[in-house]
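Reading through the structure tokens given below for one structure.
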Protein chains: 2
Amino acid sequence: MASDRKRQIIEAAAQSFAAFGYKATTMEQIAKLANVGKGTIYTFFKSKEELLDEIVSGLIVEIKAEAELAMDPSLPFFENVHRALYRILEFRQRHQLTAKLLQEVRNIGTAAVQEVLAKLDRAMVEFIRQKIDAAVEKGEIRPCNSEITAFLMLKTYIALIVDWEKDHEPLTKEQIAELFALYFLQGLSK
Amino acid sequence: MASDRKRQIIEAAAQSFAAFGYKATTMEQIAKLANVGKGTIYTFFKSKEELLDEIVSGLIVEIKAEAELAMDPSLPFFENVHRALYRILEFRQRHQLTAKLLQEVRNIGTAAVQEVLAKLDRAMVEFIRQKIDAAVEKGEIRPCNSEITAFLMLKTYIALIVDWEKDHEPLTKEQIAELFALYFLQGLSK
DNA sequence: AATTGACCATATGGACAATTTGGTCATTTG
DNA sequence: CAAATGACCAAATTGTCCATATGGTCAATT
């Protein structure tokens with residue numbers, strides 16, 4: 001089946017990207033791992049970049065699903081956004097593929113990887129933005145520029161989880177939730 | 001006079017670092033520009049790194065002074081912090097030396113420059129932290145972890161001024177002040 | 001005592017060859 | 001005949017010298 005071969009290729013590529021990074025993975029490696037000829041890859045993907053892009057698109061869906069799962073409709077908006085953001089950042093750092101891609105950008109700054117991670121971040125901002133819009137609609141929070149707010153929320157979580165650890169002891173999940181509430185909640189809630 | 005020679009060297013080095021970057025500047029260049037022998041530099045500075053470090057230390061003093069100047073004791077705390085942070089970020093981006101060093105870190109990631117810019121950021125956080133502590137003392141704002149708060153404020157300004165422009169139209173100074181007030185002020189004020 | 005530039009070990013960069021790699025396509029295969 | 005393939009190619013990357021440049025030292029000089 002054709003779509004089965006495509007899945008094999010995506011699986012093999014994702015596995016190799018996660019283990020060796022994007023640049024260090026060759027199309028021949030992927031072909032071998034997927035048990036297909038190298039040419040076959042190019043019947044499904046225009047280029048190596050497009051293959052990476054499709055993998056990351058799948059990752060975005062996966063992360064959104066994880067974030068959605070972390071939320072609970074019966075809880076207040078801010079608790080849910082906290083859970084979603086924390087889960088997203090957790091995924092970003094712990095998942096082999098994203099962790100490797102982040103490392104690759106830091107260490108060698110591969111352009112294609114930079115692009116794809118920027119896309120991932122934009123998707124996360126958009127995800128949060130929709131939650132904010134819904135909450136505004138429901139009157140749970142004060143109206144605001146939802147895109148800037150979502151953008152700042154993600155930046156804040158990256159700062160608290162990734163950047164803060166460079167010079168200090170890591171903050172616990174609870175501390176982060178408190179800080180998030182202190183700044184954003186009390187700044188937004190009616 | 002000895003301190004005069006030292007000043008000459010610092011001046012020459014700062015000028016050359018700003019024009020060509022840290023890595024692309026040679027000690028011989030600096031010596032020529034300062035009208036001293038290369039050996040003389042090493043009677044004042046242990047190494048090229050230490051020379052850079054001392055220049056940046058001076059820069060920190062200069063930026064703090066600028067930030068202080070931007071503030072006005074008769075204005076409310078948050079307006080002053082906004083002015084200080086905005087001025088700091090403005091300096092960081094417009095001043096030749098800092099701009100060149102930031103570019104160098106982005107493009108080639110020179111380790112010594114990375115260190116020195118991290119030190120600059122830490123100094124700015126510390127500067128803001130003291131302002132926050134003073135405001136807490138005076139009862140102008142609610143007590144909080146001043147270091148984390150200062151850290152997040154700086155990160156927020158960098159996000160709004162530097163990162164936001166990568167994908168969007170720049171925000172005006174007034175818009176940034178409003179956003180800052182929306183999140184931080186209303187989250188902190190009694 | 002302060003200053004200096006010749007000097008040294010090492011790092012850097014350029015030139016060139018060898019190898020690797022992303023991508024193509026004529027051929028094969030089921 | 002449509003899908004799959006791997007030999008093949010141009011371009012990029014890597015490896016290897018070697019010449020040069022550079023950070024730092026120190027004996028000679030001022």
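The figures that follow rest on heavy atoms only: side chains count, while hydrogens, waters and symmetry mates do not. Note that this is a predicted model, so its numbers are computed, not measured.
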Is there a donor-acceptor contact under 3.5 Å linking the side chains of B/Q15 and B/E11?
no
Is the closest side-chain donor-acceptor distance between A/K119 and A/S57 under 3.5 Å?
yes
What's the CZ-C1' distance between A/F20 and C/dT21, to the nearest Å?
16 Å
Nearest whole angstrom, please: distance from the P of C/dT21 to the OH of A/Y42.
12 Å
Between D/dT5, C/dG22, C/dG5, spot the one nearest the side chain of A/K48, thanks.
C/dG22
Whether A/T40 contacts D/dT5 is assessed here as follows: a side-chain N or O lying under 4.0 Å from the phosphate OP1 or OP2. Is that the case?
yes
Closer to the 5' end of DNA chain C via nearest nucleotide, is it A/T25 or B/K23?
B/K23
Starting at CZ of A/F44 and ending at C1' of D/dA3, how long is that distance when rounded to a whole Å?
9 Å
For B/Q29 and A/T43, find the nucleotide of DNA chain D closest to each by heavy atoms; which residue's nucleotide sits nearer the 5' end?
A/T43
Can you check the B/I108 CD1 to C/dA11 P distance for me, whole Å?
17 Å
Taking the nucleotide of DNA chain C with the closest heavy atom to each, which residue, A/E28 or A/G39, is nearer the 5' end?
A/E28
Interatomic distance, A/L51 CG vs C/dT21 C1' [rounded to whole Å]:
15 Å
Report yes if a side-chain nitrogen or oxygen of A/R5 is closer than 4.0 Å to either non-bridging phosphate oxygen (OP1 or OP2) of D/dA3; otherwise report no.
no
Between CG of A/N35 and C1' of D/dG6 the distance, given in whole Å, is 15 Å
Quick one: does any side-chain atom of B/Q175 pair with a main-chain N or O of B/L171 as donor and acceptor, under 3.5 Å?
no
Hydrogens and angles aside, do B/K48 and B/T26 bring a side-chain donor and acceptor to less than 3.5 Å of each other?
no
Which nucleotide in D/dT22, D/dG24, C/dT4 has an atom nearest any side-chain atom of B/S47:
D/dG24
To the nearest Å, give me how far apart CD1 (B/I41) and C1' (C/dG5) are.
12 Å
Within 45 degrees of the ring normal and closer than 6.0 Å to the centroid, is that where the cationic atom of A/K38 sits relative to A/Y42?
no
Rounded interatomic separation in angstrom, taking NZ from B/K38 and P from D/dT25:
11 Å
